[in-house]
Amino acid sequence: MIESNSWSVDDYLTFLHFRYYPAGGKTDIPPQIRSAISNQTLEYSKPELLERGEQCILQSIKNHIKNASANNTHVVPLSGGLDSRTILAALITSNKVDQQNIKTVSFGSPRTWDFELGQQIARAAGVKNIAIDLTSPEVDWSIDNLLNVAQSSSKPVPILEARANRLPVENFESKNTIFWSGFMGDPSVGSHQPSNPHRDWELAKSEFIDNNLIIGDSPLHKPDFVGQLPSEAYFDESLLTYEEQLDFAIRQENYIRPTVVPDEQYLTPFACDEWLSFWLNIPRDQRRGRKLFRQVVYSAFPDLFSLPSSTNYGLPITSSRLQGNLNGVKEIAKNWLYSKIYKKTYTHPNTNYLNFESAIRGPHQLHKSAEYLLESFEERDILEINLSSIWDQHQAGEDHTELIRSVMSLESHLLSN
């Protein structure tokens with residue numbers, strides 16, 4: 001929630017530009033990460049790294065279900081990526097979980113990888129899947145629903161993404177149900193480790209800002225973002241790159257966690273001590289691009305990881321990047337042709353959630369919610385910006401999706417207060 005009487009104009013502007021609040025430099029590295037990287041680099045042979053990586057996956061899941069009862073239902077929100085698939089694969093192989101008690105949920109837009117591949121993986125795994133089409137009128141995007149999401153959020157978050165991530169909880173009885181989250185999966189195994197990390201903290205901060213700004217050119221004034229970030233690194237970059245320090249302390253804790261882990265019933269096996277102590281301390285060349293992790297999951301669970309992945313543009317992770325790029329071009333062309341033939345809105349196959357640009361124009365329920373929230377925020381007269389004009393321009397075909405979504409998020413939190 002936002003305490004509106006404690007926020008300055010620059011705070012509002014910062015949230016609108018980032019769609020979350022970087023905490024004014026007060027954020028610290030989570031203690032489990034700080035303790036994990038104090039370990040020595042794990043200098044094992046390649047076979048030993050593969051074996052220990054597999055053990056780490058299985059043990060991290062095992063530790064999280066050691067107190068679970070036999071009749072617990074395990075719900076895995078399943079996308080087309082690697083993190084949720086890893087959790088599902090480990091649960092299926094566990095002798096403590098009855099496979100009939102494993103359920104999956106996929107949500108997104110038809111003809112996108114996250115939506116379609118999640119269902120394909122569930123079928124291959126032999127588990128029940130609930131597929132939720134976010135373009136359907138059955139999904140509630142009303143003002144009341146968005147305000148409820150804002151009210152229950154631990155921090156100001158992107159309201160539309162947060163609303164979508166609450167769908168698993170809404171579709172299962174909470175009693176005796178365990179929900180799983182892939183939070184910190186990708187970044188912990190190296191997906192955010194740069195090829196050429198900065199050795200200068202100030203340069204790393206500037207790049208962090210550039211990579212995190214949602215809104216580029218806009219009529220909004222830009223406050224001093226650099227001054228809102230920590231003045232000193234959390235620790236030496238030889239232990240963890242400066243880019244990852246900023247990501248873990250600020251983006252993951254203030255944006256990703258409160259958005260994708262919406263309930264206390266969620267388990268986060270990729271944020272536990274055992275997981276982090278291994279994956280943050282393997283050699284950097286094995287973390288870069290999730291190199292070792294990809295090899296480990298394919299070796300441990302070849303059936304599920306031979307299937308297509310959104311991380312390689314609809315091809316398995318065993319396919320080359322060139323093959324993935326070519327397949328991505330093909331899928332983009334197919335979706336474009338489909339939209340022309342059937343007179344549908346074009347949606348990129350790698351779209352997360354739904355095509356917000358089109359939905360805000362209507363007749364989707366988000367059109368009414370967006371219009372209400374923009375009018376409500378404009379009445380506050382906090383910023384010198386003509387939102388009515390921006391709304392009209394968007395309805396006429398110009399793309400102001402990101403600014404509109406940021407205002408929707410901010411006003412939802414203000415109203416919920």
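Being a predicted model, the structure only gives us computed values, none of them experimental.
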| said: Could you check, using the six-membered ring where one of them is a Trp, whether Phe18 and Phe225 have ring centers closer than 6.0 angstrom? | reply: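 Ring centres of Phe225 and Phe18 closer than 6.0 Å.
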Under 3.5 Å donor-acceptor pairs involving side-chain atoms of residues 337-344, not counting sequence neighbours:
from, atom 1, to, atom 2, distance (Å)
Ser339, OG, Trp336, O, 2.6

Parallel, tilted or perpendicular for [X] and [Y], by the 30°/60° rule?
| X | Y | value |
| --- | --- | --- |
| Trp141 | Phe356 | perpendicular |
| Trp113 | Tyr313 | perpendicular |
| Trp201 | Tyr242 | perpendicular |
| His367 | Trp391 | tilted |
| Trp275 | Trp279 | tilted |

Under the salt bridge (charged side-chain N to carboxylate O under 4.0 Å, His left out) rule, collect the residues that match up with Glu274, sequence neighbours excluded.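 Per chain and number, Glu274 pairs via salt bridge (charged side-chain N to carboxylate O under 4.0 Å, His left out) with no residue.
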Here the gap from Asn212 atom CG to Asn254 atom CG, rounded to the nearest 0.5 Å, amounts to 10.5 Å
Practice item. Start with the C-alpha gap between Phe179 and Tyr266, add the side-chain angles, then the distance that decides, and say whether ring pair (Phe, Tyr, Trp, His ring centres under 6.0 Å) holds. Key: CA-CA 5 Å; Phe179 295 92; Tyr266 274 71; 5.3 Å; yes
State whether Glu357 and Arg361 are salt-bridged, where the test is any N-O pair (Lys NZ or Arg NE/NH1/NH2 against Asp/Glu carboxylate O) under 4.0 Å.
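Yes.
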Q) Should Glu237 and Arg284 count as an ion pair when the cut-off is N to O under 4.0 Å? A) yes
Please report, to 0.1 Å, the donor-acceptor pairs under 3.5 Å made by any side chain of residues 76-92, with sequence neighbours excluded.
from, atom 1, to, atom 2, distance (Å)
Ser79, OG, Gly81, N, 3.2
Asp83, OD1, Asp186, N, 3.4
Asp83, OD2, Asp186, N, 3.1
Ser84, OG, Ser79, N, 3.2
Arg85, NE, Gly81, O, 3.4
Arg85, NH1, Leu304, O, 2.9
Arg85, NH1, Leu307, O, 3.3
Arg85, NH1, Pro308, O, 3.4
Arg85, NH2, Gly80, O, 3.2
Arg85, NH2, Pro308, O, 2.8
Thr86, OG1, Leu82, O, 2.7

Side-chain contact test, heavy atoms from C-beta onward, threshold under 4.5 Å: evaluate it for Leu167 versus Leu134 and give yes or no.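 The answer is yes; the side chains approach within 4.5 Å.
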